[in-house]
S.K.: 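I have a structure here, written as structure tokens, and I will follow up with some questions on it.
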Amino acid sequence: MDFQVVVLAGGTSEKLSPLVSKDVPKALLPVANRPAISYVLDLLESSDLKDIIVVVEGQEAARLVGAWISSAYLDRLVVEVVAVTEDIGTAGALRAISKRLVANDVLVISGDLVTDVLPGAVAATHRRNGAAVTALLCSVPVSGPSDAASSGGKDKAKKPCRLNIVGLDITRQFLLHVVSGTDVEKDVRVYKRKIRAVGQMEIRSDLMDAHLYAFNRGQHCRMYWNRKKHTVASDLKFSHI
């Protein structure tokens, strides 16, 4: 397919401490007795997407991840592990490796994504529709019992919910607006030109970003939404990530 793949593998994580440490970076955290990143790499191999850049935060974490990938995927994948500064975020990580991105089409995937959707299916949809940006959305998981229900009626400080607002056109073909996380608690602004372009916008809160994207660098296109797989192709430029 001539796609270049970027796997954002993170580094260490205070939220996952002590499971994740300097000796066990996030990408190598065992999930069902396998390193988390192995699920993504296996999916990419199944889709015949083998030109991969794995971005890891921190030199030591990158060394550990690189050593494991070299031993587990020898002669199976062409993987370059690149260390970047810690806590620079998705956009910062992509900027840091921008000179390595030479293909017209780039697939970006989170290193801890576990899914039954093949990256190759997203790439094929992206290429078939001539999209500039394709994003995979998934259903928001159902929450468990609230803290209040198990606290005997006593007030407890609640952690903020991770909410998502997704705006689609009325035919559900165009992704118009995405707001997630703590930004939802702020005033949500939608530019009038988005509404004018399609007439109406449907607001959804039952979808969330799965952190799997395909980009065609610098091109504009129409947008498409695959209802079965919740695949959205957007008219955003590559630089607007």
Side-chain angles (χ1 to χ4, degrees), residues 1-13 16 19-84 86 88 90 93-128 131 133-136 138 209-217 226 229-231 238 241:
M1 279 190 175
D2 298 323
F3 267 80
Q4 197 169 11
V5 181
V6 178
V7 177
L8 300 176
T12 57
S13 173
L16 294 175
L19 298 176
V20 169
S21 64
K22 291 182 178 180
D23 297 324
V24 183
K26 183 180 177 182
L28 299 184
L29 180 66
V31 177
N33 298 320
R34 292 173 51 189
I37 197 172
S38 68
Y39 293 91
V40 168
L41 295 178
D42 285 356
L43 283 174
L44 293 171
E45 184 180 25
S46 297
S47 295
D48 200 30
L49 294 165
K50 299 181 179 181
D51 182 8
I52 304 169
I53 300 174
V54 176
V55 183
V56 184
E57 296 180 3
Q59 293 287 343
E60 181 59 18
R63 185 189 68 79
L64 293 171
V65 171
W68 181 83
I69 292 176
S70 295
S71 63
Y73 291 89
L74 182 65
D75 298 328
R76 293 169 58 186
L77 299 173
V78 179
V79 180
E80 178 185 8
V81 178
V82 179
V84 296
E86 296 182 30
I88 62 175
T90 299
L94 292 177
R95 280 194 294 267
I97 65 165
S98 60
K99 292 182 179 179
R100 288 179 164 86
L101 301 180
V102 296
N104 288 330
D105 292 307
V106 179
L107 198 72
V108 179
I109 183 169
S110 174
D112 57 4
L113 178 63
V114 179
T115 178
D116 59 354
V117 179
L118 286 176
V122 177
T125 299
H126 173 78
R127 184 70 63 77
R128 182 174 63 252
V133 181
T134 302
L136 181 69
C138 63
D209 186 357
H211 303 288
L212 171 54
Y213 319 98
F215 296 98
N216 187 296
R217 303 172 66 199
N226 182 314
K229 296 297 185 182
H230 303 303
T231 303
F238 178 76
I241 53 178

S.K.: Supply the atom-to-atom distance Leu113 CG to Ile37 CD1, rounded to the nearest 0.5 angstrom.
M.R.: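 One gets 11.5 Å once the value is rounded to the nearest 0.5 Å.
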
S.K.: Among Ile97, Ile109, Val82, exactly one meets side chain to side chain contact (heavy atoms under 4.5 Å, CB included) together with Val6. Which residue is that?
M.R.: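 The residue from Ile97, Ile109, Val82 that satisfies side chain to side chain contact (heavy atoms under 4.5 Å, CB included) with Val6 turns out to be Ile97.
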
S.K.: Consider only side-chain N and O atoms of His211 and Ser110, and report whether a donor and an acceptor are under 3.5 Å apart.
M.R.: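 Judged by distance alone, the side chains do not pair up.
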
S.K.: Could you go through Leu107 and His126, starting from their C-alpha distance and side-chain angles, then the distance that decides it, and tell me whether this counts as side-chain contact (heavy atoms from CB on, under 4.5 Å)?
M.R.: CA-CA 10 Å; Leu107 198 72; His126 173 78; over 6 Å; no

S.K.: Could you grab the distance from atom CG of Asp209 to atom CG of Leu136, nearest 0.5 Å is fine?
M.R.: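 Going from CG on Asp209 over to CG on Leu136, the span is 8.5 Å.
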
S.K.: Could you point out which residue of Asp2, Asp105, Asn216 forms a side chain to side chain donor-acceptor pair (under 3.5 Å) with Arg127?
M.R.: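 Among Asp2, Asp105, Asn216, the one meeting side chain to side chain donor-acceptor pair (under 3.5 Å) with Arg127 is Asp105.
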
S.K.: Nearest 0.5 Å, what's the CD-CG distance between Gln4 and Leu49?
M.R.: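 These two atoms lie 11.5 Å from each other.
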
S.K.: Checking side-chain contact (heavy atoms from CB on, under 4.5 Å) for the pair Tyr73/Val78: CA distance, chi angles, key distance, verdict?
M.R.: CA-CA 9 Å; Tyr73 291 89; Val78 179; over 6 Å; no

S.K.: Compare all side-chain heavy atoms of Val5 with those of Asp51 and state whether any distance is below 4.5 angstrom.
M.R.: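 Counting from C-beta outward, Val5 and Asp51 never come under 4.5 Å.
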
S.K.: Filter on ring pair (Phe, Tyr, Trp, His ring centres under 6.0 Å), then keep only pairs touching residues 23-59, sequence neighbours left out; what's left?
M.R.: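 As it turns out, there is no ring pair (Phe, Tyr, Trp, His ring centres under 6.0 Å) pair with a partner in residues 23-59 once direct neighbours are skipped.
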
S.K.: On a heavy-atom basis, which atom in Pro119 and which in Leu212 lie closest, and how many Å separate them?
M.R.: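 Shortest heavy-atom contact: CA-CD2, 4.4 Å.
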
S.K.: So which atom in Gly66 and which in Val81 form the shortest heavy-atom distance, rounded to 0.1 Å?
M.R.: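 In this case the closest contact between Gly66 and Val81 is CA-CG2, 3.7 Å.
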
S.K.: Got a second to check how far Leu8's CG is from Glu57's CD, nearest 0.5 Å?
M.R.: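 It comes to 9.0 Å.
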
S.K.: Tell me if the CZ atom of Arg95 is crowded by more than 12 foreign heavy atoms within 6.0 Å.
M.R.: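 Atom CZ in Arg95 is not crowded, with 12 or fewer foreign heavy atoms closer than 6.0 Å.
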
S.K.: Take Ile53 and Leu101, measure what side-chain contact (heavy atoms from CB on, under 4.5 Å) needs, and give me the verdict at the end.
M.R.: CA-CA 9 Å; Ile53 300 174; Leu101 301 180; 4.2 Å; yes

S.K.: Work out which heavy atom in Ala9 is nearest to a heavy atom in Val54; give both atom names and the distance.
M.R.: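 For Ala9 versus Val54, the nearest heavy atoms are CB-CG1, 3.9 Å.
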
S.K.: Applying side-chain hydrogen bond (donor to acceptor under 3.5 Å, both in side chains), which residue pairs with at least one partner in residues 62-71 are found, sequence neighbours left out?
M.R.: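 As it turns out, the side-chain hydrogen bond (donor to acceptor under 3.5 Å, both in side chains) pairs with a partner in residues 62-71, which skip direct neighbours, are Glu60-Arg63.
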
S.K.: Between Val7 and Gly111, what is the shortest heavy-atom contact and its length?
M.R.: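 In this case the closest contact between Val7 and Gly111 is CG1-CA, 3.7 Å.
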
S.K.: With rounding to the nearest 0.5 Å, note down the distance linking CZ in Arg76 to CG in Leu44.
M.R.: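 One gets 11.5 Å once the value is rounded to the nearest 0.5 Å.
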
S.K.: List the atom of Ala36, the atom of Lys26, and the distance in Å for their closest heavy-atom pair.
M.R.: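 The pair with the smallest heavy-atom distance is CB-O, 4.2 Å.
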
